[in-house]
Asker: 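Can you read through this structure? Questions will come right after.
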Amino acid sequence: METSMKVNKISDCLWEIPKTEKEGMLVPARIYANDTLFESMDKGVFEQITNVACLPGIQKYALCMPDGHWGYGFPIGGVAAFDTKDGIISPGGIGFDINCGMRLITTNLKAEEVKPRIRELINELFRAVPAGVGAKGTLKASVTQLKGIMERGVDWCIENGYGWPQDREKIEECGHIPGADPSKVSEKAISRGANQLGTLGSGNHYLEVQMVKIDNIFDEKTAGIFGISEKNQIVIMVHCGSRGFGHQVATDYLKVFDKAMKKYGMTVKDRELACAPFKSSEGSDYYKAMLCAANSAFANRQIITHRIRESFSKVFNTSAENLGIEIVYDVAHNIAKVEKYKIDGKEKEVLVHRKGSTRCFGPGRKELPEIYRSVGQPVIVGGSMQTGSYLLAGTEKAMQETFGSTMHGAGRTMSRHAAKKRVRGDQLLKTMAKDGIHVKTASMSGLAEEAGIAYKNISEVVETMDGLGITKKVVKLKPIGNIKG
DNA sequence: ATGTAC
């Protein structure tokens, strides 16, 4: 970390840049990190998060989570809430991969049953869930079907045989956010999305078979409520988003917003922060199109879940029901949502941008499935393929301090380019096999980019927010098999 | 992240 900005340490794991540090800052910027994470924090984060603090209508603070690093306009790991009356919406605060997110799925299988057959299982999953750049799914949706998916997300999937009725409530927003309007989505986005349903994509997207080690259960009661109670229990984690569809929506509206900025006489610190008033026609159109992409990403993860059920059923020669393949939860970590918070003593409606950040609502919230309401929202944090992932629970403190938000993963420390220079994909594959992780990848160079050394230490990231009481650790999950794009 | 560049 090198910056000329004044950064005050205000508590053990919380840092603040006062609004006097940059002309135009409307609120302070806050960074969540322990000393180690703070020292290694990408310098771009300081520049970007203080730029975000200048955007119209921002409330309280511009936030960056401990997994934060430089991104397009906003840092990845960024959280910013804007007044829905006079604030903005910005594609850079959501990300190109709209509703990129995580899903965690249980089984009642044990590691000792799965490990001997991991190669066969991974081969089957690799066949059933297409991975890699430009991967096409076996389901080719018509324009009418796509419209249904954009508007109704997971409900469409369940009605069409790609899920079980009980799946819907175990998904953020029940797998579809109302207000999506397909007429705000370009033909080009629709054509890119038509054959990508049920596909994983590339980059850091993966499908992982994981196990629960007994000494990695930190909160037995909450884990049990989330469906994790067995020693050596096998679970499945999926990380993917809206593929080319969401990417095209973001691209389309960045162009629209470039013009809208001139029209409304708005200026921003960085062109990548292109935005429009949320209530303007441009802002509202983007929001409605963004929700179409968000719903299709929920549907994408749902169709992948269906393929997982089919694959496990085939390999273990019994029904998915018998195998207990149930959703724990599904979270979006690239999205903007309308939520209400108490700000300066008054309840206020805000548009919370979470870019590489996860909603982590505390206990009692009506948005949570009834069975989880006593313990808070499950939060799924995907680590690097080598180091494992976490399941956490949201808290009331997060509602007060971070607009109900926490980290989304480990966070990169190394560029993709730098990682490829340090690591060879074929060697990494062998190293991981020795560590008991069977990997199948669509791209060896892509695998090298995702090496564990290219990421922060996930445990430190998780501990930072656990120590502050923003999210509480429930379970750490160890990978045994991985499919990546 | 992304038919990894319009």
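Model, not experiment: these values are computed from the prediction. Chain A is the first sequence line, chain B the second, and so forth, proteins listed ahead of strands; every chain is numbered from 1.
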Asker: Using a 4.0 Å heavy-atom cut-off, does A/Glu449 contact any base of the nucleic acid, only the sugar-phosphate backbone, or nothing at all?
Answerer: nothing
Asker: Between B/dT4 atom C1' and A/Glu450 atom CD, what is the distance in whole Å?
Answerer: 14 Å
Asker: Could you state the NE2-P distance from A/His417 to B/dT4, rounded to the nearest angstrom?
Answerer: 19 Å
Asker: How long is the line joining NE2 of A/His247 and P of B/dA5, in whole Å?
Answerer: 10 Å
Asker: Does NZ belonging to A/Lys147 count more than 12 external heavy atoms closer than 6.0 Å?
Answerer: no
Asker: In whole angstrom, what separates A/Tyr72's OH from B/dT2's P?
Answerer: 17 Å
Asker: OP1 or OP2 of B/dT4 versus the side-chain N and O atoms of A/Ser202: is any pair under 4.0 Å?
Answerer: no
Asker: What is the distance, rounded to the nearest whole Å, between atom CD of A/Gln248 and atom C1' of B/dT2?
Answerer: 10 Å
Asker: For A/Lys136 and B/dT2, what is the distance between atoms NZ and P respectively, to the nearest whole Å?
Answerer: 15 Å
Asker: What I want to find out is whether A/Lys269 reaches A/Glu47 closely enough, with some N-O distance under 4.0 Å, to be called a salt bridge.
Answerer: no
Asker: With a 4.0 Å cut-off on heavy atoms, is A/Lys355 in touch with a base, just the backbone sugar-phosphate, or nothing at all?
Answerer: nothing
Asker: Reckon A/Gly95 touches a base, only the sugar-phosphate, or nothing at all at heavy-atom distances under 4.0 Å?
Answerer: nothing
Asker: Which sits closer to the 5' end of DNA chain B, A/Ser191 or A/Lys255, going by the nucleotide each is nearest to?
Answerer: A/Ser191
Asker: With the threshold set at 4.0 Å, does a side-chain nitrogen-carboxylate oxygen contact exist between A/Lys60 and A/Glu401?
Answerer: no
Asker: Determine the contact category for A/Gly241: base if any of its heavy atoms lies under 4.0 Å from a base atom, sugar-phosphate if only primed atoms, P, OP1 or OP2 are that close, otherwise nothing.
Answerer: nothing
Asker: Atom CG of A/Asn334 to atom P of B/dT2: distance rounded to whole Å?
Answerer: 11 Å
Asker: Looking at A/Arg152 and A/Glu159, is any side-chain nitrogen of the basic one under 4.0 Å from a carboxylate oxygen of the acidic one?
Answerer: yes
Asker: Under 6.0 Å between the ring centres of A/Phe298 and A/His176?
Answerer: no
Asker: Atom CG of A/Asp97 to atom P of B/dT2: distance rounded to whole Å?
Answerer: 6 Å
